[in-house]
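Have a look at the structure below before the remarks.
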Amino acid sequence: MESPLSKIVAVLIAIVLIFIYPNYQASERQDDLSQIVAHSAVTEFVDSVRTKGYITPTMYQQFNDQISATGNVFDIEMEHEHKKYFPVYTDPANPNTFQGTFITDTE
């Protein structure tokens with residue numbers, strides 16, 4: 001006859017395999033889907049801002065709506081960088097000595 005301890009262990013393993021593991025896999029899948037949705041929303045928003053050169057309140061609200069549809073809470077931070085181009089001259093006093101290249105600087 002089997003021992004009661006082995007029956008208890010078998011029941012615990014069955015509970016884990018039937019209930020807990022599928023729930024774990026479903027939550028992992030949900031996290032993956034949320035990450036994909038957030039990544040595509042951020043990519044779309046950044047591409048739109050780069051194309052237009054500015055952010056409208058409507059664009060920002062649509063972006064917030066898209067990422068909040070995942071059910072997660074996000075802390076949105078934006079950073080503005082402005083690139084400046086400085087022409088390279090052999091003689092800075094003479095603008096006719098332009099070398100055809102630029103030095104870039106970000107702010």
Side-chain angles (χ1 to χ4, degrees):
M1 204 155 73
E2 295 180 21
S3 72
L5 182 60
S6 64
K7 288 182 182 181
I8 292 172
V9 170
V11 168
L12 288 176
I13 291 173
I15 288 172
V16 167
L17 291 176
I18 291 173
F19 296 110
I20 297 174
Y21 186 73
N23 286 335
Y24 169 75
Q25 287 296 323
S27 68
E28 286 293 317
R29 221 172 307 124
Q30 180 65 32
D31 287 345
D32 291 343
L33 290 173
S34 296
Q35 184 177 5
I36 290 169
V37 168
H39 184 267
S40 65
V42 168
T43 302
E44 180 184 333
F45 179 70
V46 168
D47 289 346
S48 176
V49 170
R50 282 185 182 170
T51 302
K52 292 182 178 181
Y54 57 88
I55 300 173
T56 64
T58 305
M59 290 167 54
Y60 184 73
Q61 185 61 42
Q62 288 173 347
F63 170 65
N64 274 333
D65 292 343
Q66 286 176 345
I67 63 171
S68 64
T70 63
N72 297 333
V73 177
F74 293 92
D75 182 24
I76 300 171
E77 294 182 11
M78 292 186 209
E79 184 175 317
H80 173 74
E81 289 188 5
H82 185 77
K83 193 179 278 190
K84 289 187 176 184
Y85 296 93
F86 300 102
V88 177
Y89 296 102
T90 53
D91 181 17
N94 184 2
N96 294 329
T97 61
F98 177 59
Q99 296 296 307
T101 61
F102 294 92
I103 298 173
T104 58
D105 185 28
T106 56
E107 290 183 355

Kindly compute the distance separating OG (Ser34) from CZ (Arg29), expressed to the nearest 0.5 Å. 12.5 Å
Other hydrophobic cluster members with Phe102, side-chain heavy atoms of Ile/Leu/Val/Met/Phe/Trp/Tyr under 4.5 Å, chained? Tyr85, Tyr89, Phe98
Can you name the residues that form a side-chain contact (heavy atoms from CB on, under 4.5 Å) with Phe74, not counting sequence neighbours? Ala38, Ile67, Thr70, Asn72
Treat each ILVMFWY residue as a node, draw an edge where side-chain heavy atoms are under 4.5 Å apart, and state whether Met78 and Val42 are in one component. yes
Glu28: which residues meet the side chain to side chain donor-acceptor pair (under 3.5 Å) condition with it, sequence neighbours left out? none
Say you draw a straight line from CD1 of Ile76 to CG of Asn64; how long is it, rounded to the nearest 0.5 Å? 4.0 Å
Within a radius of less than 6.0 Å around CZ of Phe86, do more than 12 heavy atoms belonging to other residues, nucleotides or ligands occur? yes
Going by side-chain heavy atoms closer than 4.5 Å, which hydrophobic residues are tied to Tyr21, directly or by a chain of links? Tyr24
Scan residues 29-52 for pairs that pass ring pair (Phe, Tyr, Trp, His ring centres under 6.0 Å), counting only residues two or more places apart or in two chains. Phe45-Phe63
Only pairs under 3.5 Å count here: list side-chain donor-acceptor contacts from residues 47-58, not counting sequence neighbours, and write none if there are none.
| residue | atom | partner | partner atom | Å |
| --- | --- | --- | --- | --- |
| Thr51 | OG1 | Asp47 | O | 2.8 |
| Thr56 | OG1 | Met59 | N | 3.1 |

Are a donor atom and an acceptor atom from the side chains of Gln61 and Asp65 found within less than 3.5 Å of each other? yes
Is there a path of hydrophobic side-chain contacts, each under 4.5 Å between heavy atoms, that joins Leu12 and Leu5? no
Please list, chain by chain and in numerical order, all residues satisfying side-chain contact (heavy atoms from CB on, under 4.5 Å) with Gln66, sequence neighbours excluded. Ala41, Glu44
If you measure from OG1 on Thr104 to NZ on Lys84, what distance do you get to the nearest 0.5 Å? 13.0 Å
Can you list the residues that meet the side-chain contact (heavy atoms from CB on, under 4.5 Å) rule with Glu77, with sequence neighbours excluded? Asp75
Side-chain contact, heavy-atom cut-off 4.5 Å: Gln99 with Thr90? yes
Ile18 with Ile15, same ILVMFWY side-chain cluster at under 4.5 Å: yes
